[in-house]
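Worksheet for the structure shown next.
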Amino acid sequence: MTVPQRHDRPESTDDELLIETLSTSEPSPVRPRADERVAPHGTDGEQYDLADRASLRRVAGMSTELTDITEVEYRQLLLERVVLVSVWTTGSQVDADNALAELKLLAETAGSQILEGVVQRRQRPDPATYIGSGKVDELREVVVATGADTVICDGELAPAQLRNLEDRIKVKVIDRTALILDIFAQHAKSAEGKAQVELAQLQYLKQRLRGWGGNLSRQAGGRASGGAGIGGRGPGETKLETDRRRINSRIAKLRAALREMDGTRETKRAERHRHQIPSVAIVGYTNAGKSSVLNRLTGAGVLVEDALFATLDPTTRRAAAADGRVYTLTDTVGFVRHLPHDLVEAFASTLEESAQADLLVHVVDGSDPDPNGQISAVRAVLADIKAGDVPELIVLNKVDRADPDMITTLRTSYPGCVVVSARTGEGMEELRSTIEGRLPRPEVEVEALLPYERGDLLNRIHQSGEIVSLEHTDQGSLVVARVNPGLGGELAAYAPVDGPAPRA
């Protein structure tokens, strides 16, 4: 059978046929590039862009962005639409509302749009679905009605709970721990901070691989190495085992990198210890104003932002007391209720600054609805990092926005606390003098007659010691001071012949 051929015109090349097709077909509108557009007469460029952008929407008035927009200048960041879920087990209704409000702030910090909040009253979370079977059906209706794409639970969910909720609600479900880890990942700036956050994320994910999909039990196939390439365990290794092995390998590399970074931090810390320089750590709940207090006391210039976990990397600054003694102030990472254990373990080297400090300046947000809950949460974390025995100074911040009755109640509950406002500067001088008075005093009291050419020793006494009396004589400077044992040994050689010997 022969195929009939057309002979009414000579055969054309592919290029000619393409040109003919384009020329005979109806012209389609071609959108000029952004740099080639010319605004219509009587309009400016911005109005033209707005009108052109509105024409891209399939339905007039819809606020959601289309997924088929091809020009980069029109793409916008899409925030996740979130429904919050909390289980109220103990406490009053106010406590439940405060917990949900804090979860809302955390979700907004992570870049989410909060649509609805659901609270379930139970004696304990349901082991299968966290909120109970009936509440899951109600939650599904809320998700469908609001058009949410994510559900955030105020608790640490087990892998089975995650899987059951996702199967029934049909949207992504994350817990409080994953939310906090995501915020830390967004705010980590230094190499050490990024490594610590990644380590915490991998430790969290390793225990929950089963909860992130049903295809992880498939066995690898293909070549003798199981399709995993060199280093695979053979054709019997499942995808779950492969992922867990890769996570363990990455965790080992991160731990090794953090150990090297710890060496640098330990060297700086050992130098301060060698010179017997007192250290003060500023701790507190996230967004309580720790960085603002540090800036007021030292002019450190640390980032200040009204957001949760705005600063993660510790900042240490040098300060001098009124009597000349030098000490250090360290701004540490903020705490939060139910801080993930993996995060505490990953930030162990950073949190050690608090455990090894001579004084903890505990900053509390006096305008918060539940300042006592903040104090309890911070003290719980301090106990976990073995810093519960370090002397503590309570500082009630944001007094300019706080309820006076609440400040009076807190003063009664925590005698010796200092009330300040880092924004206005109120009470900062009292805080400075209180910190200086709470610094550890040198252990050894000495009397020395220093020749005038040994002014370096007198300067060291000013910086690290406490001068009781100073008199300039013809033979030199007669000084009575309290110093550390190392400096006391050097000053023993300059004790007056008829004066008392150094005593502890």
Side-chain angles (χ1 to χ4, degrees), residues 80 82 84-87 99 102-103 105-107 109-112 125 127-131 150-167 169 171-217 238-259 261 286 308-309 312-313 333-351 377 380-381 384-385:
E80 292 188 75
V82 170
L84 305 179
V85 178
S86 176
V87 174
E102 181 180 272
L103 184 64
L105 291 177
L106 288 171
T109 303
S112 302
T129 60
Y130 181 67
I131 56 177
T150 305
V151 171
I152 300 179
C153 297
D154 188 21
E156 186 169 349
L157 303 184
Q161 292 173 324
L162 280 172
R163 182 173 61 251
N164 293 336
L165 285 174
E166 287 185 342
D167 289 343
I169 302 176
V171 296
K172 180 175 65 175
V173 178
I174 64 175
D175 58 8
R176 179 188 179 91
T177 301
L179 177 62
I180 295 177
L181 291 177
D182 182 79
I183 297 173
F184 271 61
Q186 294 180 28
H187 293 178
K189 302 301 181 183
S190 65
E192 183 179 15
K194 292 178 180 179
Q196 289 171 330
V197 172
E198 184 180 358
L199 176 60
Q201 287 178 323
L202 291 177
Q203 289 175 333
Y204 171 82
L205 179 61
K206 183 177 69 172
Q207 305 299 328
R208 290 164 175 80
L209 284 178
R210 291 181 58 191
W212 299 100
N215 62 342
L216 297 182
S217 60
T238 64
K239 188 176 187 302
L240 177 65
E241 294 171 336
T242 303
D243 291 346
R244 183 173 289 123
R245 175 166 50 82
R246 290 175 178 172
I247 289 177
N248 288 332
S249 176
R250 180 61 180 166
I251 287 177
K253 292 180 181 179
L254 289 174
R255 290 188 185 277
L258 287 174
R259 280 195 296 269
M261 299 177 189
T286 179
L308 304 183
F309 303 112
L312 298 182
D313 302 315
V333 62
F335 301 149
V336 73
R337 294 180 181 89
H338 311 298
L339 191 66
H341 177 75
D342 293 333
L343 206 56
V344 174
E345 181 181 352
F347 276 75
S349 60
T350 301
L351 297 176
V381 178
D384 291 340
I385 62 176

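Note: hydrogens, waters and symmetry copies are ignored here, and every other heavy atom, side chains too, is used. Heads up: numbering here begins at 1 and tracks the sequence.
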(request) For the residue pair Ser112 and Leu179, establish whether any side-chain heavy-atom pair is separated by less than 4.5 Å. (result) no

(request) For Thr129, enumerate each residue passing the side-chain hydrogen bond (donor to acceptor under 3.5 Å, both in side chains) test, keeping only those at least two apart in sequence or located in another chain. (result) Asp126

(message) Any heavy-atom pair between the side chains of Ile180 and Tyr204 that's under 4.5 Å?
(response) no

(message) Would you compute the distance between atom CZ of Arg246 and atom CG of Asn248 and round it to the nearest 0.5 angstrom?
(response) 12.5 Å

(request) Quick one: pull up NZ in Lys206 and CG in Asp243 and give me the separation to the nearest 0.5 Å. (result) 13.5 Å

(request) Check whether any side-chain N or O of Glu166 sits under 3.5 Å from a backbone N or O of Val173 as a donor-acceptor pair, and report yes or no. (result) yes

(message) Going by side-chain hydrogen bond (donor to acceptor under 3.5 Å, both in side chains), name the residues that satisfy it together with Asn164, two or more places apart in sequence or in a different chain.
(response) none

(message) With a 4.5 Å cut-off on side-chain heavy atoms, are Leu157 and Leu165 touching?
(response) yes

(message) For the backbone of Arg245 and the side chain of Ser249, can you confirm whether one donor and one acceptor N or O come within less than 3.5 Å of each other?
(response) no

(message) List the residues meeting side-chain hydrogen bond (donor to acceptor under 3.5 Å, both in side chains) with Gln161, not counting sequence neighbours, and say none if there are none.
(response) none

(request) Under the side-chain contact (heavy atoms from CB on, under 4.5 Å) rule, collect the residues that match up with Ala99, sequence neighbours excluded. (result) Asp154

(request) Identify, with sequence neighbours excluded, every residue that meets side-chain contact (heavy atoms from CB on, under 4.5 Å) alongside Ala195. (result) Leu254, Leu258

(message) Determine whether a donor-acceptor pair (N or O, by modelled atom type, separation under 3.5 Å) exists between the side chain of Glu156 and the backbone of Asp175.
(response) no

(message) Could you work out, with side-chain contact (heavy atoms from CB on, under 4.5 Å) as the rule, every residue matching Gln201, not counting sequence neighbours?
(response) Leu181, Ala185, Val197

(request) Would you mind checking if Arg176 and Glu102 are paired as a salt bridge, meaning a charged N to carboxylate O distance below 4.0 Å? (result) yes

